[in-house]
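Chain letters run A, B, ... following the sequence lines, proteins first, then strands; residues in each count from 1. Because the structure is a prediction, the values reported are computed rather than measured.
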Amino acid sequence: MNWYAVIAIAISALVTVSLRAVPFVAFRGNKQLPAFVDYLGKTLPYAIMGMLVIFCLKSTSFALTRGWAPQLIAGALVVVTYVWKKSTILSIVAGTACYMVLIQIVFR
Amino acid sequence: MKKYVKKAFIDTLPIMAGYIVLGIGFGVVLKSAGYGLGWALAMSVFIFAGSMQYAMVGLLTGGASFLTIAITTFLVNARHLFYGMSMIEKYKDAGARKPYLIFALSDETYSLVCNSDEGRDYYLLVSMFDQIYWIIGSVIGSLLGAIIPFNTEGIDFSLTALFIVVYTDQWLNTKNHVSAIIGIVASVVCLVLCGSDKFLIPAMISIMVLLFVMKKFCIKEEE
């Protein structure tokens, strides 16, 4: 048995679940959440989703057209189709297919 | 519970596409590093954090110290602290489901539940479906190795597209866009200043600071 890997995985699992659990444990039992947590709970989701979009696009590079044009075009297609049809599936399928064609064929 | 199964399944379809593909990628990489099916399963069941599991492959093969592994996990997954903070109210009455809901609060699960009012059974199903897709993907990847029949390059954009959809949807459903703009601007600035490996923590801190500094503008007209 590779105990090194077992312990490594256990540590990573523990740290991950702790990060997810800390806010719940810290504010356990409070009937009324502290005002700042309540405020963050209401406003954070908007900012986090923006952060996640940037997180996904973090390897964008302007050195080659291939490094930025596919995500810009496909991303715009996602926004436009979503505003137009309000269908999550449609926008994701259209955006992903568009991105794959661009990265595999157009900007090869 | 039953009436949510179909809705949860349909809502998680985009995540299925992304997770299975990324899970396969993870299984393939882990296998080629000498860790087979059992290891892929163990990591996807117990860690369940995509980018961290990819990072773990390098850490394991490099023989990183346990302290390095703990710190890397903390840095890569610190954004999850955010998720909990905005889900405290929503998960308040989840009862026995709560430990699992908290454990399985991944980026993608968060993006669906943070916008939903469907209730605890729906949250549980979304969380479970998502983890199952991820496990299936990593098992397939581990078994198939690098023999994938078609060129999947770029299919991971489905997760990017999911976040863009959620962002757009939130934008259309609120009048006040200050927080949404802070998220993008702070992340871009930190990305440019700190580089793609190190920008997440500075971005999180500046988002928090900006939300408090600009509180007056963030709650105006909030619905």
Exercise. Taking the inter-plane angle between the rings of A:Phe36 and B:Phe212 on a 0 to 90° scale, is it parallel (under 30°), tilted (30 to 60°) or perpendicular (over 60°)?
Worked result: tilted

Seminar exercise, completed: Residue from B:Ile182, B:Leu200, B:Leu13, B:Val185 scoring the most non-hydrogen pairs under 4.5 Å with chain A is B:Leu200

Problem set entry | Within the 6.0 Å centroid threshold, strictly below: B:Phe66 and A:Tyr4 | yes

Exercise. Under a 4.5 Å heavy-atom cut-off, does chain A meet the side chain of B:Lys90, its backbone, both or neither?
Worked result: neither

Problem set entry | Distance, nearest 0.5 Å, that separates CZ of B:Arg79 from CD1 of A:Ile48 | 10.5 Å

Exercise. What is the distance from atom CG of B:Leu162 to atom OG1 of A:Thr88, rounded to the nearest 0.5 Å?
Worked result: 8.0 Å

Problem set entry | Proximity breakdown for B:Ala186 and chain A, heavy-atom pairs closer than 4.5 Å | neither

Seminar exercise, completed: Honestly, the part of B:Ser206 sitting under 4.5 Å from a heavy atom of chain A is neither

For this session: For B:Asp130, check salt bridge (Lys or Arg N to Asp or Glu O under 4.0 Å) against everything at least two apart and list the hits.
Result: none

For this session: Using the side chain to side chain contact (heavy atoms under 4.5 Å, CB included) rule, take B:Asn176 and A:Tyr46 through it: C-alpha gap first, then chi angles, then the decisive distance, then the call.
Result: CA-CA 10 Å; B:Asn176 187 322; A:Tyr46 306 112; over 6 Å; no

For this session: Determine whether A:Val37 and B:Ile88 make a side-chain contact, defined as any pair of heavy atoms from C-beta on separated by less than 4.5 Å.
Result: yes

For this session: With a 4.5 Å cut-off on heavy-atom pairs, point out which of A:Val6, A:Asp38, A:Leu52 contacts chain B the most.
Result: A:Leu52

Seminar exercise, completed: Checked A:Leu102, A:Ile11, A:Val17 vs chain B; the most non-hydrogen pairs under 4.5 Å come from A:Ile11

Exercise. Would a 4.5 Å heavy-atom cut-off, applied to side chains only, mark A:Met49 and B:Cys114 as touching?
Worked result: yes

Exercise. If you measure from OG on B:Ser187 to CG on A:Leu57, what distance do you get to the nearest 0.5 Å?
Worked result: 10.5 Å

Problem set entry | Part of B:Leu191 lying under 4.5 Å from any heavy atom of chain A | side chain

For this session: Go through B:Pro99, B:Gly18, B:Gly63, B:Ala78 and name the one with the most non-hydrogen pairs under 4.5 angstrom from chain A.
Result: B:Gly63

Problem set entry | Heavy-atom proximity to chain A below 4.5 Å, by part of B:Asp11 | neither

Problem set entry | Side chain to side chain, A:Pro45 and B:Tyr110, heavy atoms closer than 4.5 Å | yes

Problem set entry | Leading residue by heavy atom contact count with chain A [cutoff under 4.5 Å; candidates B:Ala203, B:Ala64, B:Ser111] | B:Ala64

Seminar exercise, completed: Rounded to the nearest 0.5 Å, the CG atom of B:Asn77 sits from the CG atom of A:Leu19 at a distance of 6.0 Å

Seminar exercise, completed: If you tally heavy-atom pairs under 4.5 Å between each of A:Ser59, A:Ala47, A:Ala97, A:Ala10 and chain B, the highest tally belongs to A:Ala47

Exercise. Judged by atom type as modelled, is there a donor-acceptor pair below 3.5 Å linking the side chain of A:Arg20 to the main-chain atoms of B:His80?
Worked result: no

Seminar exercise, completed: Nearest heavy-atom contact between A:Ala8 and B:Ile69 is CB-CD1, 3.5 Å

Exercise. Does a sphere of radius 6.0 Å around NZ in B:Lys198 hold more than 12 heavy atoms from other residues, nucleotides or ligands, not counting ones at 6.0 Å or beyond?
Worked result: no

Exercise. Does any non-hydrogen side-chain atom of A:Leu44 lie less than 4.5 Å from one of B:Ile207?
Worked result: yes

For this session: Give the minimum heavy-atom separation between B:Ala161 and A:Thr96, together with the two atoms involved.
Result: CB-OG1, 4.3 Å

Exercise. Can you find a heavy atom in the side chain of A:Met51 that is under 4.5 Å from one in the side chain of B:Ile184?
Worked result: no

For this session: Provide the closest heavy-atom pair for A:Ile92 versus B:Pro14 in the form atom of the first, atom of the second, distance.
Result: CD1-CB, 3.3 Å

Exercise. Which bit of B:Met208 comes within less than 4.5 Å of chain A, counting heavy atoms only: side chain, backbone, both or neither?
Worked result: side chain

Exercise. Taking A:Pro70, A:Ala74, A:Ser18 one by one, which has the highest count of heavy-atom pairs under 4.5 Å against chain B?
Worked result: A:Ala74

Exercise. Considering residues, nucleotides and ligands other than B:Trp171, do more than 12 of their heavy atoms fall under 6.0 Å from its CH2?
Worked result: yes

Exercise. So, do B:Ser86 and A:Leu40 sit near enough that their side-chain heavy atoms are less than 4.5 Å apart?
Worked result: no

Exercise. Quick one: does NZ or CZ of A:Lys58 land under 6.0 Å from the six-membered ring centre of B:Phe199, within 45 degrees of the ring axis?
Worked result: no

Exercise. Considering only heavy atoms, which portion of B:Met85 lies under 4.5 Å from any heavy atom of chain A: side chain, backbone, both, or neither?
Worked result: both

Problem set entry | Residue part contacting chain A, namely of B:Leu60, when any heavy atom lies under 4.5 Å | both

Problem set entry | Structural part of B:Ile181 lying under 4.5 Å from a heavy atom of chain A | neither

Seminar exercise, completed: Comparing A:Ala5, A:Ser12, A:Ala13 against chain B, the one with the most heavy-atom pairs below 4.5 Å turns out to be A:Ser12

Problem set entry | Residues forming a ring pair (Phe, Tyr, Trp, His ring centres under 6.0 Å) with A:Tyr82, sequence neighbours excluded | none

Seminar exercise, completed: Scored by heavy-atom pairs under 4.5 Å with chain A, the best of B:Thr168, B:Leu81, B:Val188 is B:Leu81

Problem set entry | Parallel, tilted or perpendicular, as decided by the 30° and 60° cut-offs, for the rings of A:Phe24 and B:Tyr91 | parallel

Problem set entry | Backbone of B:Leu211 reached by a side-chain donor or acceptor of A:Tyr39 within 3.5 Å | yes

Exercise. Taking the side chain from B:Ser179 and the backbone from A:Thr43, do they hold a donor-acceptor pair closer than 3.5 Å?
Worked result: yes

Exercise. Counting heavy-atom pairs under 4.5 Å to chain B, which of A:Val22, A:Asn2, A:Val83, A:Val93 comes out on top?
Worked result: A:Asn2

Exercise. Do A:Thr16 and B:Phe46 come within less than 4.5 Å of each other through their side chains, counting heavy atoms only?
Worked result: no

Seminar exercise, completed: In terms of heavy-atom pairs under 4.5 Å with chain A, the winner among B:Val166, B:Val165, B:Val178 is B:Val165

